[in-house]
A.B. asks: 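Provided herewith is a single structure, encoded as structure tokens, for subsequent inquiry.
Computed from a prediction, not measured in an experiment: that's the story for all the values here.
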Amino acid sequence: MEKEKQIWKITPVLTGSFGMVRDDIKYRNGKPENQGFVPSVMFLLETCGHMVVVDTGFGEPPVCAEKLQLSVKRSQSLEDIFKEAYVKPKEVEAVIFTHLHWDHVGNAECFTNAQYYCHEKEWNRAENHPEEYPEEWFSWLRRNRDRVRLIRGESAQEIIPGIYIQYVGGHTYGSQMVIVNTEEGYGVITGDVVMTEKNLQEEIPVGLCINGKECETVFEKIRAWKPVMIYPSHDFKIFDRR
């Protein structure tokens with residue numbers, strides 16, 4: 001892509017759903033008896049014939065369901081999902097991972113011509129702790145390490161014209177949010193450090209985390225961008241914005 005400020009369009013793509021997910025996963029001090037299904041989301045970014053994807057959803061539902069003992073659903077084939085959302089895997093130039101959990105890195109192998117982006121802290125954790133990042137989800141990326149660019153440091157970086165990455169940590173050791181320049185202003189794709197609209201509206205940190213302080217400071221980091229749109233990772237409401 002040419003080195004100039006690009007204006008992108010953000011489209012959330014529903015790749016399936018899974019549950020039951022407890023409220024104490026989504027919210028600090030949430031009630032575990034409150035449970036429900038959440039969406040698995042891929043974000044398509046488009047500009048002037050270029051395509052970038054943020055996160056890639058979960059992989060084969062039966063494999064995920066057996067490994068995690070969850071109900072994992074996909075109403076149609078991944079090929080049909082891509083077709084309906086105008087995702088053309090071979091034309092995707094970059095795939096950015098907010099983190100490397102199972103529901104964010106499935107289907108990574110579909111994007112045969114893409115450069116992959118991941119935070120160095122996240123990659124190192126995954127490499128050294130297979131109990132947290134099982135081979136079922138991580139093996140393809142490990143075998144294709146030469147295609148993965150590791151992001152270093154904690155300050156915001158423009159990795160593609162008009163697309164920025166900022167380390168946030170909190171949910172995992174190397175979680176990062178993606179900030180996208182759109183026609184209306186900046187859009188922020190939070191990753192799992194913000195899972196729902198309720199997290200944002202009430203500034204409730206996520207419950208599933210490794211660093212509570214980083215989860216608390218993410219709201220300030222988001223506000224600093226003065227975004228016109230924020231996309232939590234696991235809230236069906238983001239699909240009502242179209």
A.B. asks: Hey, does the side chain of N199 reach the backbone of I204 with a donor-acceptor pair shorter than 3.5 angstrom?
C.D. replies: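 Between the backbone of I204 and the side chain of N199 there is a qualifying donor-acceptor contact (under 3.5 Å).
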A.B. asks: Give a yes or no answer on whether the side chain of T190 reaches the backbone of V193 with a donor-acceptor pair at less than 3.5 Å.
C.D. replies: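 Absent.
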A.B. asks: How are the rings of Y116 and F97 set relative to one another: parallel (under 30°), tilted (30 to 60°) or perpendicular (over 60°)?
C.D. replies: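 Plane angle under 30°, so parallel.
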A.B. asks: Working note: E122 + Q176, criterion side-chain contact (heavy atoms from CB on, under 4.5 Å); need CA distance, chi angles, decisive distance, verdict.
C.D. replies: CA-CA 9 Å; E122 187 75 357; Q176 55 190 8; over 6 Å; no
A.B. asks: Counting only heavy atoms not in E60, do more than 12 sit closer than 6.0 Å to its CD atom?
C.D. replies: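 For E60, atom CD is not crowded (no more than 12 foreign heavy atoms under 6.0 Å).
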A.B. asks: State whether a side-chain donor-acceptor pair under 3.5 Å links E120 with Y167.
C.D. replies: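 Checked: E120/Y167 side chains show no N/O donor-acceptor pair below 3.5 Å.
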A.B. asks: Pairing donors with acceptors under 3.5 angstrom, does anything connect the side chains of T98 and D55?
C.D. replies: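 Note: T98 and D55 side chains meet the donor-acceptor criterion.
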A.B. asks: Side chains of I96 and I159: closer than 4.5 Å at any heavy-atom pair?
C.D. replies: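 They are in side-chain contact.
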A.B. asks: Got F37 and K73 here, is their nearest side-chain heavy-atom distance under 4.5 Å?
C.D. replies: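 Yes, side chains in contact.
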A.B. asks: Strictly below 4.0 Å, N to O, side chains only: are D235 and K237 in salt-bridge contact?
C.D. replies: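 K237 and D235: not salt-bridged.
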A.B. asks: Please check if the number of heavy atoms outside E79 that lie under 6.0 Å from its CD is greater than 12.
C.D. replies: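 No.
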A.B. asks: Evaluate V95 against T56 for side-chain contact (heavy atoms from CB on, under 4.5 Å), listing each step before the verdict.
C.D. replies: CA-CA 8 Å; V95 173; T56 54; 3.7 Å; yes
A.B. asks: Relative to the ring of F111, is the ring of F82 parallel (under 30°), tilted (30 to 60°) or perpendicular (over 60°)?
C.D. replies: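 Ring orientation, 0 to 90° scale: tilted.
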A.B. asks: Thinking salt bridges, do K121 and E154 make one under a 4.0 Å N-O criterion?
C.D. replies: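 Yes, K121 and E154 are salt-bridged.
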A.B. asks: May I ask you to decide if I163's main-chain N or O and N181's side chain share a donor-acceptor pair within less than 3.5 Å?
C.D. replies: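 No; judged by distance alone, with no hydrogens or angles, the pair does not exist.
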A.B. asks: Stepwise, does the side-chain contact (heavy atoms from CB on, under 4.5 Å) test hold for C110 with L78?
C.D. replies: CA-CA 10 Å; C110 294; L78 194 64; 4.0 Å; yes
A.B. asks: Do other residues, nucleotides or ligands put more than 12 heavy atoms under 6.0 Å from the CD atom of E135?
C.D. replies: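 Atom CD in E135 is crowded, with more than 12 foreign heavy atoms closer than 6.0 Å.
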A.B. asks: Is E127 salt-bridged to R145, going by a charged N under 4.0 Å from an acidic O?
C.D. replies: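 Looking at E127 and R145, the cut-off is not met.
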A.B. asks: Could you tell me whether W123 and F138 have their ring centroids closer than 6.0 angstrom?
C.D. replies: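 Centroid separation for W123 and F138: below 6.0 Å.
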A.B. asks: Verify, without hydrogens or angle tests, whether R74 (side chain) and I81 (backbone) share a donor-acceptor contact under 3.5 angstrom.
C.D. replies: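 No.
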A.B. asks: If we only count heavy atoms from C-beta on, is the I222 to P227 side-chain gap below 4.5 Å?
C.D. replies: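 A side-chain contact exists here, since the closest heavy-atom pair is under 4.5 Å.
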A.B. asks: Fit a plane to each ring of H234 and F18, take the angle between them on a 0 to 90° scale, and name the class: parallel (under 30°), tilted (30 to 60°) or perpendicular (over 60°).
C.D. replies: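 Taking F18 first and then H234, their aromatic rings stand perpendicular (interplane angle over 60°).
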A.B. asks: For E66, does the CD atom have more than 12 heavy-atom neighbours from other residues, nucleotides or ligands under 6.0 Å away?
C.D. replies: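 Incorrect, the count does not exceed 12.
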A.B. asks: Sub-3.5 Å donor-acceptor pair from the side chain of T172 to the main-chain atoms of S175, do we have one?
C.D. replies: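 Yes, because the side chain of T172 sits within donor-acceptor range (under 3.5 Å) of the backbone of S175.
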A.B. asks: Are any side-chain N or O atoms of D24 and backbone N or O atoms of G207, one a donor and one an acceptor, separated by less than 3.5 Å?
C.D. replies: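 Such a contact is absent between D24 side chain and G207 backbone.
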A.B. asks: Please confirm whether the backbone N or O of P161 pairs with a side-chain atom of W8, one donor and one acceptor, at under 3.5 Å?
C.D. replies: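 Checked: pair present.
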A.B. asks: Using the rule given for side-chain contact (heavy atoms from CB on, under 4.5 Å), can you reason through S233 versus H104, listing the C-alpha separation, both sets of side-chain angles and the distance that settles it, and then say yes or no?
C.D. replies: CA-CA 10 Å; S233 61; H104 294 258; 4.3 Å; yes
A.B. asks: Is there a donor-acceptor pair closer than 3.5 Å between any side-chain N or O of H119 and the backbone N or O of G153?
C.D. replies: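 Looks like yes, one N/O pair under 3.5 Å.
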A.B. asks: Parallel, tilted or perpendicular: which describes the rings of H99 and H101, with under 30° parallel and over 60° perpendicular?
C.D. replies: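 Perpendicular.
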A.B. asks: Look at the side chain of R22 and the backbone N and O of G30, then say whether any donor-acceptor pair between them is shorter than 3.5 Å.
C.D. replies: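 No, R22 side chain to G30 backbone: no donor-acceptor pair under 3.5 Å.
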A.B. asks: Decide if atom CG of N29 counts as having more than 12 heavy atoms of other residues, nucleotides or ligands within a radius under 6.0 Å.
C.D. replies: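 Open.
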A.B. asks: Among K221, E216, R223, which residue meets the side-chain contact (heavy atoms from CB on, under 4.5 Å) test with F219?
C.D. replies: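 Result: among K221, E216, R223, R223 is the only option passing the side-chain contact (heavy atoms from CB on, under 4.5 Å) with F219.
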A.B. asks: Report the residue from L70, V72, L68, N107 that forms a side-chain contact (heavy atoms from CB on, under 4.5 Å) with F58.
C.D. replies: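 Going through the options one by one, the only one that passes is V72.
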A.B. asks: Counting only heavy atoms not in E33, do more than 12 fall under 6.0 Å of its CD?
C.D. replies: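 For E33, atom CD is crowded (more than 12 foreign heavy atoms under 6.0 Å).
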